[in-house]
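Worksheet for the structure shown next.
Note that the structure is a prediction, hence the values are computed from the model and not measured.
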Amino acid sequence: IPNQAPVPPASNLQCPAGTELTYDNFGEAFMLNYCTTCHSTLLAETARAGAPTHINFDTPENVQVWRASILTFAVYEGATMPPSQNIPPEDKILLTEWLSCGAPSGSDNIE
């Protein structure tokens, strides 16, 4: 991943009608369970297991910036994150839905 934020794909992400997933009711817990053990601003570089220091997922805003990369590295075929590959399929489905809808926080309007 380059040192700049990726541009989220505009054409291939479909937000399902009626979704209610937000950072508050899904994203925060998901990120805490699977991502911020390496991708957190609270971690020293030596505690990040090689994760770049500029890629962090401990705020809704950071997740929104990196959502395309999160999908690529954690969901799509050939995904390598998290290294343990311990995300249950049903959680990957929910992650895909939430990110496809713009990764809204609890106070956002879902796109």
remark   = One should read off an interatomic distance between E97 CD and C15 SG, to the nearest 0.5 angstrom, of 7.0 Å
task = Please assess S100 against Q14 for the test side-chain hydrogen bond (donor to acceptor under 3.5 Å, both in side chains), listing each intermediate value before the final yes or no.
result = CA-CA 6 Å; S100 295; Q14 299 287 324; over 6 Å; no
Whether F57 and H39 hold their rings parallel, tilted or perpendicular, with breakpoints at 30° and 60° = tilted
Step-by-step side-chain hydrogen bond (donor to acceptor under 3.5 Å, both in side chains) determination, T36 to D58 = CA-CA 6 Å; T36 58; D58 42 11; over 6 Å; no
message = Among L99, L94, D91, which residue satisfies the side chain to side chain contact (heavy atoms under 4.5 Å, CB included) criterion with F30?
response = D91
ask   = How many angstroms lie between atom CG of N62 and atom OG of S40, to the nearest 0.5 angstrom?
value = 9.5 Å
query = Of all heavy-atom pairs between Y23 and S105, which one has the smallest distance, and what is that distance?
reply = CB-CA, 3.6 Å
request  = Using a cut-off of 6.0 Å, state whether more than 12 heavy atoms not belonging to E45 lie near its atom CD.
outcome  = no
request  = Would you check, one step at a time, whether the test side-chain contact (heavy atoms from CB on, under 4.5 Å) holds for F26 with L95?
outcome  = CA-CA 8 Å; F26 171 76; L95 177 65; 4.2 Å; yes
remark   = Residues at least two apart in sequence or cross-chain that pass side-chain contact (heavy atoms from CB on, under 4.5 Å) with T80, listed by chain then number, are F73
query = CD/E28 to SG/C35 distance, rounded to the nearest 0.5 angstrom?
reply = 12.5 Å
key: Which atom of R48 lies closest to which atom of A44, heavy atoms considered   = CG-O, 3.2 Å
ask   = If you take all heavy atoms of C38 and A51, which pair is closest and at what distance?
value = O-CB, 3.5 Å
request  = Output the distance between atom CG (L71) and atom NZ (K92), rounded to the nearest 0.5 Å.
outcome  = 11.0 Å
query = If Ile, Leu, Val, Met, Phe, Trp and Tyr residues are connected whenever their side-chain heavy atoms lie under 4.5 Å apart, and connections chain through other members, are Y34 and L43 in the same group?
reply = no
inquiry  = Would you compute the distance between atom CD1 of I87 and atom CD1 of I93 and round it to the nearest 0.5 angstrom?
reply    = 12.0 Å
task = Might you point out which heavy atoms bring N86 and P82 nearest each other, and give the distance in Å?
result = OD1-CG, 3.4 Å
query = What distance do W98 atom CH2 and M31 atom CE have between them, rounded to the nearest 0.5 Å?
reply = 4.5 Å
note = Only one of L42, T41, V65, V63 passes side chain to side chain contact (heavy atoms under 4.5 Å, CB included) with N56, and that residue is T41
